[in-house]
Amino acid sequence: MNDQDQSSRVDGTEDLPEQLRVRREKRERLFSEGQDPYPVALPVTHELSEVRAAHSELPVDASSGQRVGVAGRVMFMRNTGKLCFATLRGGDGSELQAMLSRNEIGEQALSAWKSDVDLGDHVFVAGEVITSRRGELSVLADEWRMAAKSLRPLPVAHKELSEENRVRQRYVDLLVRSQAAETVRTRAATLRSLRDSFERRGYLEVETPMLQTLQGGAAARPFVTHSNALDMDLYLRIAPELFLKRCVVGGIEKVFEINRNFRNEGSDSSHSPEFAMLEFYEAYSDYNAMAELTRALIQEAAQSLFGTQTVTWADGSEYDLSGQWANITMYGSLSEALGSEVTPETSVETLRKHAESAGLSELDPSFGHGKLVEELWEHMVGNHLHAPTFVRDFPLDTAPLTRQHRQHSGMAEKWDLYVKGFELATGYSELVDPVVERARLEEQARLASEGDEEAMPVDEDFLRALEYGMPPTGGVGMGIDRLLMALTGLGIRETILFPLVRPE
RNA sequence: GGGCCGUUAGCUCAAUGGGCAGAGCAGUGGACUUUUAAUCCACGGGUUCAGGGUUCGAGUCCCUGGCGGCCCA
């Protein structure tokens with residue numbers, strides 16, 4: 001297909017809103033004038049940021065003597081009669097002014113600039129690096145070309161997009177809202193910090209299956225998909241845990257993975273159906289040492305991102321992540337909140353009475369002791385925790401992959417880390433006894449057969465791995481999106497670049 | 001799953017008690033050789049989310065649905 005074919009293709013132009021139509025007509029006109037509004041290559045010599053860095057000392061109203069070719073998206077235009085200014089923005093967010101003077105570039109090129117260029121277009125400008133009379137570093141063009149014609153007007157650059165448009169058209173949000181671009185950089189820097197922290201401690205990063213033949217590693221409803229080749233249903237993973245434990249059995253004794261988990265559940269301000277998860281395991285560690293390591297990872301991330309462990313949230317408030325963090329026990333803090341002692345021996349009937357007087361009347365009648373304790377705790381205590389807090393020693397019957405507490409028989413060596421009222425991470429002394437693990441999984445399978453969609457089946461291969469001998473191990477899972485929320489104070493849909501939304 | 005709020009120009013938002021649908025930015029035309037969200041003059045731009053109903057008359061009131069947000073479970 002040649003350019004003539006492209007330029008002659010007009011697709012329902014008359015039905016479009018005026019601004020879209022005008023831009024399409026400009027594109028057509030450029031083609032008909034023998035110009036390519038989408039050239040394959042342009043003689044760019046410098047990034048905008050490079051020009052800025054090289055000439056930061058240039059005095060006001062001065063010439064550098066250096067000629068550069070730069071490209072960028074037109075964010076603002078200020079056209080006077082014979083002198084035009086445009087603010088170009090590069091992909092790294094840096095900006096540089098282009099100046100087009102009739103004396104320098106000529107009548108024809110200047111009027112073409114005025115008639116062809118719209119806000120949002122990518123343009124190429126070549127000329128000398130100078131500063132304007134107001135001191136603005138600029139490229140004084142002796143040549144300009146369209147680099148890529150934009151067919152849609154940019155939204156108002158000084159107002160935020162509506163929340164829905166931000167998420168649906170993140171590419172536009174990234175252009176007009178610097179906070180959006182900043183969040184992407186912060187997320188990348190957080191991942192880098194985590195990987196650095198693990199690297200320093202001798203951890204190895206691995207990737208384990210996202211498509212799994214059995215659901216396992218967490219209590220959650222999975223997404224189901226189908227393999228045509230194997231002619232069997234597969235699950236998108238809800239957790240990498242069982243594979244990372246296989247790694248530990250195989251001698252990768254300090255191991256971590258950062259990858260996506262998928263849970264077929266509702267989404268709200270702190271839940272997304274797909275979310276990035278960090279899990280890490282260390283042999284000869286336990287849930288106490290893993291709590292210390294988790295704290296260090298988060299503090300090191302805050303330090304490397306912001307140079308301080310007291311972070312400033314998007315709403316301007318400060319959040320202190322430094323120093324030691326509070327430790328409470330689940331049964332102890334719940335007993336205190338209820339004003340009545342609750343222990344692993346407390347009966348289901350008593351727990352239900354507590355739940356009713358706390359206003360939790362519609363709890364699933366199938367909930368047993370552990371689930372009731374956790375629901376009650378979350379309602380009475382967890383939602384009100386603000387400062388970083390480790391909540392220790394969970395009911396044993398909701399932690400089928402966790403070692404029994406070394407002192408309390410009805411409890412598991414498990415903690416949850418709560419930050420600003422949500423669960424950020426969870427850590428364990430892992431259950432490594434294959435016989436006990438088999439019994440736990442068989443109990444899970446029984447629950448599943450009774451209709452519990454979150455219960456896991458018996459994973460024979462996982463049990464076989466444990467039977468080869470897994471060293472005592474501490475393990476942690478931490479939501480990356482939630483870590484971003486804790487570090488920035490943003491909602492989960494701001495920390496995820498392209499969150500799932502219903503089609504328009 | 002339930003309740004509440006929202007949905008109007010390309011974008012962000014107005015519109016008395018049911019009476020000609022508006023502003024800013026953006027766009028088009030014009031003026032302007034040092035602007036910084038440039039300024040000034042003029043002009044164009046709407047299936048008011050969709051469908052139904054009440055009414056002489058509906059952006060506005062009623063019903064159903066879509067999408068989004070918040071709260072609750």
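Proteins get letters first, then strands, A, B, ... in listed order; numbering begins at 1 in each.
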field: B:rA58 versus B:rA50 - spacing of their C1' atoms, nearest Å
entry: 16 Å
- request: Report the distance from atom CD of A:E163 to atom P of B:rC67, rounded to the nearest whole Å.
  value: 17 Å
task: Using Watson-Crick or G-U wobble geometry with both distances below 3.5 Å, tell me the partner of B:rG44, or none.
output: none
message: Using Watson-Crick or G-U wobble geometry with both distances under 3.5 Å, which nucleotide pairs with B:rG22?
response: B:rC13
message: Pairing check on B:rU39: which nucleotide meets the Watson-Crick or G-U wobble criteria with it, both distances under 3.5 Å?
response: B:rA31
Contact under 4.0 Å: A:R502 side-chain N or O vs B:rG68 OP1/OP2: yes
query: To the side chain of A:L119, which of B:rA26, B:rA37, B:rU33 is closest?
result: B:rA26
Pairing partner (Watson-Crick or G-U wobble, both distances under 3.5 angstrom) of B:rA50: B:rU64
message: B:rU12, OP1 or OP2 - any side-chain N/O from A:N165 closer than 4.0 Å?
response: yes
query: When you check the phosphate oxygens OP1 and OP2 of B:rG69, does a side-chain N or O of A:R493 lie under 4.0 Å from one of them?
result: yes
task: Measure from the side-chain heavy atoms of A:E18 and tell me the nearest of B:rG10, B:rU36, B:rU28.
output: B:rU28
query: Would you say a side-chain N or O of A:K114 is under 4.0 Å from OP1 or OP2 of B:rG30?
result: no
- prompt: Is any side-chain N or O of A:K82 closer than 4.0 Å to OP1 or OP2 of B:rU33?
  reply: yes
query: Is the shortest side-chain N/O distance from A:S101 to OP1 or OP2 of B:rU33 below 4.0 Å?
result: no
- prompt: Quick one: does A:Q19 reach the base of B:rG10 with a side-chain donor-acceptor pair under 3.5 Å?
  reply: yes
